[in-house]
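Here's the structure, in structure tokens; my notes come after.
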There are 2 protein chains.
Amino acid sequence: MDKSKLFQQFVRFTTSVHQVTNDLTKEINIENITTVQYKILEFITVSQPVTLSEISECLHLSLPNSSRELKKLIQSQLCEKIVDSDDRRKFDILLTEKGTELMDNVFHQLELKFQEQINHLTESELQEIEEAMKILQTKFFA
Amino acid sequence: MDKSKLFQQFVRFTTSVHQVTNDLTKEINIENITTVQYKILEFITVSQPVTLSEISECLHLSLPNSSRELKKLIQSQLCEKIVDSDDRRKFDILLTEKGTELMDNVFHQLELKFQEQINHLTESELQEIEEAMKILQTKFFA
DNA sequence: CTCATTTGTTATCATTTGATAACTAAATAA
DNA sequence: TTATTTAGTTATCAAATGATAACAAATGAG
């Protein structure tokens, strides 16, 4: 296997993924939520519960900036802190009911667009896609 | 095929892709180049030659802001305009020699990290990965 | 030829984001 | 017990980004 070729393919592939997801989320824009705040919400949604340090690390934000943005999200009542009883410096961050509703809504919109993109595909093509994502997920993007 | 399940898998998958590429490019930081400018450079590198409108559309930047950032890249002599002789409002944008050198360097660094990530995989796993990317690229991320 | 459209430019301002210093409180190690 | 480390906060400033208006020049349609 020519690993340089594979790298080039990888670059093209990830570029495509970014482009597609970019286009999918392009029109999602929530009142009073900035890009960074949306990313935080997305991260919480997928990885709930998370700590502030995890947000900071995974989203490559400094702790002070993470703290600032989270504060705004909490003020908007989209998420909440639950103090860790074992270590009271830490807290878990969760979506509130309002936040959950919002993100459910967002993901529902995304799903509709996703369905549009795949509705011309045959059953066997869908299975190929499923299998392909599974392979990449387990072997490479683990 | 349960298409909702597939969507959930898609979300997890794209999240992983973003995380991995995020980590790969995390340490790439070029003197005097901002994030947006880097994205423009990356886009030019992959899609050369491009027009300003394409940059604007694909990167979801307004035309004025694209123009501003491109101007800085041109001032840094990383890319250049080549006026379209058919339509003199337009121009193709290309990397200069300096820009090419820079991006070659960047992609080389990325490739090293990429190789690290895959060097524990067997030949047959690599082939699976190649095949999986190919399928997704042609069937879905086209 | 004239007018509308397309492609890009320049200037300006508000908002977002990034970076850093100085801080608190809890936990842990010596 | 005291010192150190960890987790997060608050304040502040600079820089990057987003948004918009007013513009110019080339093209295309009628």
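Bear in mind that the values here come from a model prediction, so they are computed numbers and not experimental data. Residue numbers begin at 1 in each chain, while the letters A, B, ... track the order of the sequences.
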ask   = Do side-chain atoms of E123(A) reach the backbone of M1(B) as a donor and acceptor pair under 3.5 angstrom?
value = yes

inquiry  = Tell me the interatomic distance from L59(A), atom CG, to dT17(C), atom P, rounded to whole angstroms.
reply    = 12 Å

request  = Not counting sequence neighbours, which residues clear ring-ring contact (aromatic ring centres under 6.0 Å, His included) with F107(A)? List them please.
outcome  = none

inquiry  = Any carboxylate oxygen within less than 4.0 angstrom of a Lys/Arg side-chain nitrogen, looking at E111(B) and K3(A)?
reply    = no

request  = Please state how far atom CG in L63(A) lies from atom P in dA19(C), giving the value in whole angstrom units.
outcome  = 14 Å

request  = Check the side chains of S16(B) and Q137(A) for a donor-acceptor pair under 3.5 angstrom, ignoring hydrogens and angles.
outcome  = yes

remark   = Rounded to whole Å, CD of Q37(B) lies from P of dG18(C) at a distance of 15 Å

query = Reckon K81(B) touches a base, only the sugar-phosphate, or nothing at all at heavy-atom distances under 4.0 Å?
reply = sugar-phosphate

message = Taking L61(A)'s backbone N and O only, do any of them form a donor-acceptor pair with S56(A)'s side chain (distance below 3.5 Å, no angle check)?
response = yes

request  = Tell me which of S62(B) and E69(B) sits closer to the 5' end of DNA chain D, going by the nucleotide each one is nearest to.
outcome  = E69(B)

inquiry  = Under a 4.0 Å threshold between the charged nitrogen and the carboxylate oxygen, would K72(B) count as salt-bridged to E69(B)?
reply    = yes

inquiry  = Distance check needed: dT7(C) P versus I93(B) CD1, whole Å only.
reply    = 13 Å

ask   = Between residues 83-91 of chain A and DNA chain D, which residues have a heavy-atom gap below 4.0 Å?
value = R89(A), K90(A), F91(A)

key: Sugar-phosphate, base or nothing in reach of S66(B), heavy atoms under 4.0 Å   = nothing

inquiry  = Between P on dT10(C) and CG on N65(B), what's the gap in Å once rounded to a whole number?
reply    = 14 Å

Considering only distance and modelled atom types, tabulate donor-acceptor pairs under 3.5 Å from the side chains of residues 126-135 of chain A, sequence neighbours left out.
none

key: side chain to side chain contact (heavy atoms under 4.5 Å, CB included) against N65(B), all qualifying residues, sequence neighbours excluded   = S62(B), R68(B)

key: Whole angstrom value for the distance that separates P of dT7(C) from CD1 of I55(B)   = 14 Å

request  = May I have the distance from E54(B) (atom CD) to dG8(C) (atom P), rounded to whole angstrom?
outcome  = 9 Å

query = CZ of R68(A) versus P of dG18(C): gap in Å, rounded?
reply = 8 Å

inquiry  = The test is ring pair (Phe, Tyr, Trp, His ring centres under 6.0 Å); show your working for Y38(A) and F43(A) and say whether it passes.
reply    = CA-CA 8 Å; Y38(A) 175 73; F43(A) 178 65; over 10 Å; no

task = Using five pairs at either end of the helix from dC1(C)-dG30(D) to dA30(C)-dT1(D), determine the angle between the two local helix axes and round it to 10 degrees.
result = 30°

task = Using modelled atom types only, decide if a donor and an acceptor are shared between the side chain of S47(B) and the backbone of I44(B) within a distance under 3.5 Å.
result = no

query = When we call it a touch if two heavy atoms are under 4.0 Å apart, what does K72(B) touch: a base, just sugar-phosphate, or nothing?
reply = nothing

message = For F7(B) and F13(B), I'd like to know if the aromatic rings sit close, meaning centre-to-centre distance below 6.0 Å.
response = no

note = Footprint ends on DNA chain D, 5' to 3', for atoms under 4.0 angstrom from a heavy atom of chain B, come out as dA16(D) to dT27(D)

